[in-house]
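The model shown is predicted, which means the values in this text are computed figures rather than measured ones. Naming convention: chains lettered A, B, ... in sequence-line order (proteins, then strands); numbering from 1 in each chain.
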There are 2 protein chains.
Amino acid sequence: MITIKDIAKEAQVSEGTVDRVIHNRGGVSKKTEAKIRTILERHNFSVNPIASALAMKNKYVIATLMPTHNADDIFWKSPYLGVLKAANDVKTSGILVNHFSFNQCDPHSYFESFKTLLKSKPTAVIMVPNFSKETKQIVSLLESKNIPYLFLNIDIDGFNNMAFVGQDSYTAGYIAGKLIHSKNQTGPFLIIQARHNITKNNAVSNRIKGFNDYFLKNNIASKTQTLKLDSLDNSLETKEKINSYLIDNPEIKGIFVPSSRIYIIVDCIEAKTLKNLELIGFDNTPQNIACLLNDSVAFLISQKPFDQGYESVRMLTDYLTQNKIPNPKTFLPIDILIKENVKYNERNAFVFEKEDGIN
Amino acid sequence: MITIKDIAKEAQVSEGTVDRVIHNRGGVSKKTEAKIRTILERHNFSVNPIASALAMKNKYVIATLMPTHNADDIFWKSPYLGVLKAANDVKTSGILVNHFSFNQCDPHSYFESFKTLLKSKPTAVIMVPNFSKETKQIVSLLESKNIPYLFLNIDIDGFNNMAFVGQDSYTAGYIAGKLIHSKNQTGPFLIIQARHNITKNNAVSNRIKGFNDYFLKNNIASKTQTLKLDSLDNSLETKEKINSYLIDNPEIKGIFVPSSRIYIIVDCIEAKTLKNLELIGFDNTPQNIACLLNDSVAFLISQKPFDQGYESVRMLTDYLTQNKIPNPKTFLPIDILIKENVKYNERNAFVFEKEDGIN
DNA sequence: TGCGCTTTCGTGTACGCACACACAAATATA
DNA sequence: TATATTTGTGTGTGCGTACACGAAAGCGCA
C-alpha cells in the first residue's frame with residue numbers, strides 16, 4: 001500500500017506538503033500541486049482511513065434527535081437500536097454518535113432537547129422533524145452554524161435537509177390495498193384512522209391516498225370506507241364506536257389501519273367479528289407482531305425502522321469521511337410481513353440491548 | 001477516553017506489560033496481572049480499535065470463494081457486491097478481503113480456485129460449498145491449518161463451519177405456498193423443477209417440501225403436481241414439454257418454480273396461457289424482476305443475496321476483531337417481492353459497480 | 001557460600017500512517 | 001531595508017503492538 005511518505009519522496013517534497021494538497025489546505029504553489037496531483041492519480045492514492053481516523057481522533061460528532069421510546073410507543077426503539085449499531089460500526093472511522101430524545105407529544109421537549117444537542121457541538125445532525133413550527137427554528141439555528149442535517153422517518157418539505165431516510169408512504173399504502181384485495185376480491189374495506197393524524201402526520205394521509213388509489217387505478221369495484229376516531233386507544237368509547245360501525249356495516253371484509261396502532265384495533269373488536277375480517281397495518285412493533293402470530297392480523301408493512309437508524313448514520317459517515325453526497329430521498333424497502341416470515345425480519349433489531357448512550 | 005498508558009501509570013508498570021495482559025501473551029507474574037486486570041475492569045477499558053488496526057496493519061485477511069457471475073447466471077453478482085461493500089466498510093478495522101471465484105458447473109475449477117485462495121494466507125474463509133466431495137478436501141485443508149470457515153448460501157451438514165449465512169429454504173417454500181394459495185383458493189398448482197437439482201441442490205428440495213407442507217398442514221384440498229425437466233433452458237424441447245403439460249392439465253391455476261430460473265419458464269409458456277396462471281419463483285435477478293414488472297410473475301421470494309455477502313463479511317470481522325461468536329445459523333429475511341415494492345428492495349445492490357478485486 | 005546459568009518478569013521504544021502546527025526560507029511589497 | 005506574504009519543511013501527536021533487551025529471581029553444583 002502506497003503512503004503519503006512514498007508520494008512525498010517521489011515528488012521530492014515533504015509529507016506535509018502532500019497532505020496539504022490532499023486536503024486542499026492551500027499554501028502550495030501551483031506547480032508543486034500539479035506535480036503532486038499527477039503522482040497521486042498515477043498511483044490511485046487514497047489516504048489510509050485507519051491512520052487518518054487515529055490522527056483525527058473523533059473529529060466528527062453526529063447527533064441524533066428522535067422521540068423517546070417507552071412502553072406506550074415502542075416504535076422508536078428500533079431506529080435507536082439501528083443508530084446504536086451503526087455507531088459501533090463507524091467508531092473505527094473516527095465518528096462519535098450522541099443520542100438525544102424528546103417526548104413526541106410535547107413540542108417544548110423537542111426544542112429543549114435540541115438545545116442540549118447543540119451544546120455537544122455536532123458536525124452533523126439526524127433528526128425526526130416531528131413538529132413543524134419548532135423544526136423551522138431548529139433548522140435556522142443549524143443553518144446559521146452550517147451544520148448539515150438529515151430527516152429521519154418523517155418527510156416534510158420546504159427545508160434544506162441534505163437527505164430524507166424513510167419510506168415511500170404512498171406506495172406502501174398502495175401495496176396495502178393490493179394485498180388486502182388479493183384475498184378478498186369483493187370488499188368493501190374499512191380504513192380506521194385517528195383524527196389528530198389527519199393534519200399532523202402526512203405519512204398516514206399518503207398511505208391512505210395510496211390505498212384508495214390502488215382501487216381507483218385498477219378499476220376495482222370494491223369501495224373503501226373511512227372511520228375517523230378521536231384517538232386510537234382501547235377505551236370503552238373507541239371499542240363502542242368500532243363495534244357498532246362493524247355491526248352497522250356487516251359487508252365489510254377487511255380493515256386497513258394506516259398507523260402503527262393496529263394492535264389496539266384488534267383489541268377493540270370482538271373475537272367472532274374479528275375472525276371474518278382481514279386486517280392489514282403498519283410497523284413491526286412487538287404488539288403488532290403478536291397479532292400476526294395469533295392470526296388476527298394478516299399483513300404488516302414494515303418501515304424497517306432499524307435500518308432507517310442504521311442507514312442514516314452510515315450515510316452521514318460516508319459524507320463526512322469520504323464526501324459522498326447522500327441520495328436526497330433514500331427510501332427503504334417496503335417490507336411485507338406475514339406470520340411466517342416475521343421471525344427472520346428482526347434479526348438485527350435486538351442485538352444491542354444496552355441502554356446506554358441516551359441523553 | 002482511557003488509554004493503555006493511563007492504565008500502565010495507575011498500575012505502576014509499563015505499557016508493554018499492560019498490553020501483554022490484555023492479549024494474554026504471558027510473561028507476567030500473577031500478582032501484577034491481577035492488579036492490572038482489576039484496573040482494566042474498573043475503568044471498563046477496551047482497546048482503541050483504530051490504533052489497534054493501525055498498529056497491526058492488515059493482520060486479518062478474509063478470503064471469499066463463490067461461483068463466478070456471468071450473463072447466464074447473474075445471481076452470484078449480488079453476494080459479490082455485498083462482499084465488496086462490506087470490504088470497504090471494514091477496511092477501517094484492518095481487514096483485507098480477497099475474492100476468488102469458480103465455475104459453478106466445474107468441481108475442478110472450484111478446487112483450483114481454492115488452492116489459489118490458500119496461497120493468499122487467509123485468516124478466515126467465506127465459501128459457497130457447491131460440490132460435496134471437493135468441499136470435504138477443502139475443509140480438511142482448512143482445518144489442518146486452523147482456518148475458520150463459514151458457509152454462504154448453501155447449507156450442508158457434517159462440517160465444522162463456524163456459521164451458515166443464508167435462507168431458511170423450507171419456510172421460504174412454505175410461504176410460496178401460502179402466497180400462491182391466497183389468490184387462488186382452488187388450485188391445483190404445478191411445481192416445475194430441473195432433474196439435476198434433485199440431488200444436487202438441497203435448497204430446492206427444501207423449498208418444495210415447504211411448499212407441499214403448506215397445503216398438507218392447512219388441510220387444503222388443492223393438490224400440487226410436479227413436472228420434472230432435464231434442464232431449465234429455453235430450448236424447443238423444454239417449451240414443448242411445458243406447454244403440452246399445461247394443455248393436458250388445463251385446471252392448473254399457478255406455477256411454482258423453486259429455483260432462480262422462473263424467467264425461463266415465463267419465456268417458454270405461450271402468452272395466452274400465461275395470462276391465466278399465477279407464477280411464483282425465487283430470486284431478484286434482473287430477468288426475474290422484469291417478469292414481475294410485466295405482470296407475468298406475481299411474486300418473487302428473495303434470498304437477499306447482497307445481504308448474504310455483506311453480513312458474512314461483517315460477521316467474520318466481528319469475530320476476528322472482537323471475538324464475537326457468530327450465530328451458527330444466520331437466516332436472512334425471507335423477502336416477499338411484488339411489482340410495487342421491488343424497486344426499493346435493491347437499493348444497495350448496484351452501488352458498487354467497480355469490478356476490481358476479482359481473482 | 002559463591003559462581004554461573006536459565007527462567008521469569010518487566011521495561012523501553014520503534015513502528016504503523018496521517019494530520020496539523022510551528023517554523024523557516026524564499027519571494028514580493030512598501 | 002524593513003515588513004508582509006507565499007511556499008515549503010520538520011516534527012510531535014494519536015494509541016496500541018511487539019520485539020529486543022535488561023533486571024531479578026531461581027537453580028544446580030562445587
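- One atom, CZ of B/Arg25, and another, C1' of D/dT17, lie 7 Å apart when rounded to the nearest Å.
- The distance between the ring centers of A/Phe331 and B/Tyr344 falls below 6.0 angstrom.
- In this structure, A/Glu15 atom CD and D/dT13 atom C1' are separated by 13 Å, rounded to whole Å.
- Ion pairing between a basic and an acidic side chain is recognised when a charged N comes within 4.0 Å of a carboxylate O; B/Lys9 and B/Glu15 show no such pairing.
- Contacts of A/Thr17 with the nucleic acid, taken as non-hydrogen atoms under 4.0 Å apart, include base atoms.
- Residues A/Tyr310 and A/Asp89 have side chains that bring a donor and an acceptor to within less than 3.5 angstrom of each other.
- Across all non-hydrogen atoms, the minimal contact from B/Phe111 to B/Gln137 is CZ-OE1, 3.5 Å.
- Here chain A contacts DNA chain C (any atom closer than 4.0 Å to a heavy atom, that is under 4.0 Å), and the contacts span C/dC17 to C/dA20 from 5' to 3'.
- Going from atom CG of B/Asn24 over to atom C1' of D/dT17 covers 15 Å, rounded to whole Å.
- B/Ile50 places its CD1 atom 12 Å from the C1' atom of D/dG16, with the value rounded to the nearest Å.
- The residues B/Arg42 and B/Glu10 are annotated as salt-bridged, a charged nitrogen and a carboxylate oxygen being separated by less than 4.0 angstrom.
- Residue A/Lys9 contributes atom NZ, which lies 17 Å from atom C1' of D/dT9 at whole-angstrom precision.
- With salt bridges taken as basic N to acidic carboxylate O contacts below 4.0 Å, none links A/Glu311 and A/Arg314.
- Comparing A/Ser52 and A/Val13, the nucleotide of DNA chain D nearest to each residue sits closer to the 5' end for A/Val13.
- Nucleotide D/dT13 holds its P atom 18 Å from the CG atom of A/Asp19, rounded to whole Å.
- Heavy atoms of A/Leu54 sit under 4.0 angstrom from at least one base atom.
- In this structure, A/Lys5 atom NZ and D/dT9 atom P are separated by 15 Å, rounded to whole Å.
- With rounding to the nearest 0.5 angstrom, the NZ atom of A/Lys145 is 9.0 Å from the CG atom of A/Leu142.
- Atom-to-atom, NZ of B/Lys31 to P of D/dA24 comes out at 15 Å; the value is rounded to the nearest Å.
- Each of A/Glu33 and B/Ser46 has a nearest nucleotide on DNA chain D; the 5'-most of these lies closest to A/Glu33.
- In this structure, A/Asn48 reaches the sugar-phosphate backbone alone: every heavy-atom distance under 4.0 Å involves primed, P, OP1 or OP2 atoms, never a base.
- Ion pair B/Glu41/B/Arg37 not flagged as a salt bridge, since none of the NZ, NE, NH1 or NH2 atoms sits closer than 4.0 Å to an Asp/Glu carboxylate oxygen.
- Nearest-nucleotide mapping onto DNA chain C: of B/Gln12 and A/Ile22, the residue sitting toward the 5' end is B/Gln12.
- Recorded end-axis angle for the helix from C/dT1-D/dA30 to C/dA30-D/dT1 stands at 50°, based on five pairs per end and rounded to 10 degrees.
- Residues A/Phe100 and A/Phe114 keep their aromatic ring centres 6.0 Å or farther apart.
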